[in-house]
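Scroll down for the structure; my scribbles are underneath it.
All values reported here derive from a predicted model rather than from experimental measurement.
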Amino acid sequence: MSWITKRTISFIKKLTNTKPIGNSITVSEKQDSLAKEVPVALVYNGISHTVMMCSPRDLEDFAMGFSLTEGIIDKPADIYGIDIEDVCNGMEARIELATRCFVALKDHRRTLTGRTGCGICGAEQIQQVYKNIAKLDRTLTVNAAQLDSCLQKLYDAQELGKQTGSTHAAGFFSIAGELLAIREDVGRHVALDKLLGWHAKAGKPRGFLLVTSRASYEMVQKTVSCGIEMLIAMSAATDLAVQMAEQYDLTLVGFAREGRATVYSGKERLAICD
């Protein structure tokens with residue numbers, strides 16, 4: 001399935017340097033690119049677990065990443081197979097899960113509302129929101145001076161974002177600042193899950209995350225649960241996200257822009273050098 005659709009759109013434009021008489025507004029029509037957003041059901045061993053709104057691409061990575069960050073599996077080998085199927089008005093990711101994980105999933109079932117990318121909406125109990133996650137080790141140091149080039153690399157690689165202007169991106173960078181992978185989606189959580197699915201299948205290379213969205217509590221939780229030590233966001237972090245980053249020793253950076261950034265926690269992993 002294509003993840004972009006073309007539609008004829010009306011554009012309204014105000015003319016500049018016109019006298020305050022007559023019509024200073026023009027209306028024109030042309031073809032525009034829109035990002036597709038479809039319901040995707042995650043089906044484990046034949047039982048539908050949740051429906052999420054996603055861009056219909058890299059869905060195997062999404063199924064893997066979601067399964068990891070939600071604690072449904074402990075490692076990629078717990079999934080024996082993933083099939084992506086078109087169904088009426090949407091898509092299904094049919095996941096063959098190890099018996100041990102499936103039994104645990106049935107014991108902790110929760111119903112999620114199919115909102116764009118939100119994995120917490122619909123949790124049956126407050127306790128389900130706060131997961132038991134191990135504290136991160138300190139194994140990497142990143143040169144802060146390379147952040148500008150990483151921002152540019154992520155922008156250059158945003159195929160869907162450039163065409164539609166309506167998606168988020170998540171990129172994984174090596175310690176040396178090389179962009180190893182990028183995933184895009186209409187939902188920021190889904191984009192991150194897709195990237196974390198790639199990360200797990202790629203053997204968990206060392207490096208850091210750069211996302212185009214804000215850093216919410218759940219974005220931090222997903223990062224920590226996959227053992228990644230640094231999350232850099234182009235927008236702000238929430239208070240709860242910073243609390244969790246401090247608790248689990250995550251380096252959390254927000255407002256990443258050319259020539260500046262805000263370090264909320266874990267500044268020891270950032271080397272200030274040319």
Inset, instruction - Give, for atom CD1 of Ile232 and atom CZ of Phe255, the distance between the pair rounded to the nearest 0.5 Å. - result: 15.0 Å
Inset, instruction - Taking only Lys NZ, Arg NE, NH1 and NH2, and the carboxylate oxygens of Asp or Glu, determine whether Asp78 and Arg100 approach each other closer than 4.0 Å. - result: yes
Inset, instruction - Applying side-chain contact (heavy atoms from CB on, under 4.5 Å), name anything that partners Ser265, two or more places apart in sequence or on another chain. - result: Ala245, Glu246, Leu252
Legend entry - Charged tip of Lys106 within 45° of Tyr44 ring normal and under 6.0 Å: no
Inset, instruction - Looking only at non-hydrogen atoms, find the nearest pair between Ser55 and Lys194 and report the distance. - result: O-NZ, 3.0 Å
Legend entry - Close side-chain approach of Asp61 to Arg183, heavy-atom, < 4.5 Å: yes
Inset, instruction - Check side-chain contact (heavy atoms from CB on, under 4.5 Å) between Phe11 and all other residues, then give those that pass, not counting sequence neighbours. - result: Ile9, Ser28, Lys30, Asp32
Legend entry - Cluster check Leu160, Leu210: I/L/V/M/F/W/Y, side chain < 4.5 angstrom: no
Legend entry - Validation row: Ile95, Val43 side chains within 4.5 angstrom (heavy atoms): no
Inset, instruction - Heavy atoms only: give me the nearest Val27-Ser10 pair and the separation to one decimal. - result: CG1-CB, 4.4 Å
Legend entry - Straight-line distance of Thr223 OG1 to Ile228 CD1, nearest 0.5 Å: 6.0 Å
Inset, instruction - Verify the neighbour count for atom NZ of Lys75: are there more than 12 heavy atoms of other residues, nucleotides or ligands below 6.0 Å? - result: yes
Legend entry - Closest non-hydrogen atom pair between Gly207 and Leu140, with its separation: O-CD2, 3.5 Å
Inset, instruction - Tell me whether Leu231 is reachable from Leu270 by hopping between hydrophobic residues (I, L, V, M, F, W, Y) whose side-chain heavy atoms are closer than 4.5 Å. - result: no
Inset, instruction - Measure the CZ-CG distance between Phe102 and Leu97 for me, rounded to the nearest 0.5 Å. - result: 7.5 Å
Inset, instruction - For residues Lys36 and Ile4, determine if any side-chain heavy atom of one lies less than 4.5 Å from a side-chain heavy atom of the other. - result: no
Inset, instruction - Say whether Val253 and Val211 are linked into one hydrophobic cluster, either directly or through other cluster members, by side-chain heavy-atom distances under 4.5 angstrom. - result: no
Legend entry - Exercise: identify the closest heavy-atom pair between Tyr248 and Ile133: CE2-O, 2.9 Å
Inset, instruction - Identify whether Met230 and Tyr217 are in the same connected component of the hydrophobic contact network (ILVMFWY, side-chain heavy atoms under 4.5 Å). - result: no
Inset, instruction - Show your working on side-chain contact (heavy atoms from CB on, under 4.5 Å) between Glu70 and Asp193 and close with a plain yes or no. - result: CA-CA 10 Å; Glu70 289 296 306; Asp193 273 335; 5.8 Å; no
Inset, instruction - Under the salt bridge (Lys or Arg N to Asp or Glu O under 4.0 Å) rule, collect the residues that match up with Glu92, sequence neighbours excluded. - result: Arg94
Legend entry - Heavy-atom pair of closest approach, residues Ala191 and His168: CB-O, 4.0 Å
Legend entry - Trace of the side-chain contact (heavy atoms from CB on, under 4.5 Å) decision for Lys162 with Asp156: CA-CA 9 Å; Lys162 287 181 180 179; Asp156 291 341; 4.3 Å; yes
Inset, instruction - Would you check if Thr69 and His189 make a side-chain contact, meaning some heavy-atom pair closer than 4.5 Å? - result: no
Inset, instruction - List the steps, then state whether side-chain hydrogen bond (donor to acceptor under 3.5 Å, both in side chains) holds for Arg7 with Ser33. - result: CA-CA 7 Å; Arg7 290 186 180 273; Ser33 298; over 6 Å; no
Inset, instruction - For residues Leu209 and Leu196, determine if any side-chain heavy atom of one lies less than 4.5 Å from a side-chain heavy atom of the other. - result: yes
Inset, instruction - Could you grab the distance from atom CD of Glu268 to atom CZ of Arg138, nearest 0.5 Å is fine? - result: 4.5 Å
Legend entry - Side-chain heavy atoms of His49 within contact of Leu105, under 4.5 Å: yes
Inset, instruction - Could you list the residues that satisfy side-chain contact (heavy atoms from CB on, under 4.5 Å) with Ala93, not counting sequence neighbours? - result: Leu42, Ala63, Ile84
Inset, instruction - Please name all residues satisfying salt bridge (Lys or Arg N to Asp or Glu O under 4.0 Å) with Glu159, sequence neighbours left out, ordered by chain then number. - result: Arg57
Inset, instruction - Could you tell me which residues satisfy side-chain contact (heavy atoms from CB on, under 4.5 Å) with Thr8, sequence neighbours excluded, listed by chain and number? - result: Glu29, Gln31
Legend entry - Distance (rounded to the nearest 0.5 Å) between Asn143 CG and Ile272 CD1: 8.0 Å
Legend entry - Contact summary for Ala169 and Glu184, nearest pair of heavy atoms: CB-CG, 4.0 Å
Inset, instruction - Flag the pair Leu250 / Val220 as yes when at least one side-chain heavy-atom distance between them is below 4.5 Å, and no otherwise. - result: yes
Legend entry - Heavy atoms from other residues, nucleotides or ligands near NZ of Lys204 exceed 12 (cutoff 6.0 Å): no
Inset, instruction - Scan Glu258, Arg260, Arg257 and name whichever one has a side chain to side chain contact (heavy atoms under 4.5 Å, CB included) with Asp148. - result: Glu258
Legend entry - Heavy-atom check, side chain of Ile72 versus side chain of Phe66, under 4.5 Å: yes
Legend entry - Salt bridge flag under 4.0 Å for residues Arg269 and Asp249: yes
Inset, instruction - Evaluate the criterion side-chain contact (heavy atoms from CB on, under 4.5 Å) for residue pair Ser166 and Leu34; output intermediate values, then yes/no. - result: CA-CA 8 Å; Ser166 61; Leu34 302 179; over 6 Å; no
Inset, instruction - Measure the spacing between CH2 of Trp198 and CD1 of Ile182 and express it to the nearest 0.5 Å. - result: 11.5 Å
Legend entry - Common cluster, Val142/Leu195, ILVMFWY with side-chain heavy-atom separation under 4.5 Å: no
Inset, instruction - Return yes when atom CG of Asp137 has more than 12 non-hydrogen atoms of other residues, nucleotides or ligands closer than 6.0 Å, and no otherwise. - result: no
Inset, instruction - For Glu60 and Gly197, indicate whether the former's side chain and the latter's backbone hold a donor-acceptor pair under 3.5 Å. - result: no
Legend entry - Test side-chain contact (heavy atoms from CB on, under 4.5 Å) applied to Met234 and Ser213, step by step: CA-CA 6 Å; Met234 294 179 65; Ser213 64; over 6 Å; no
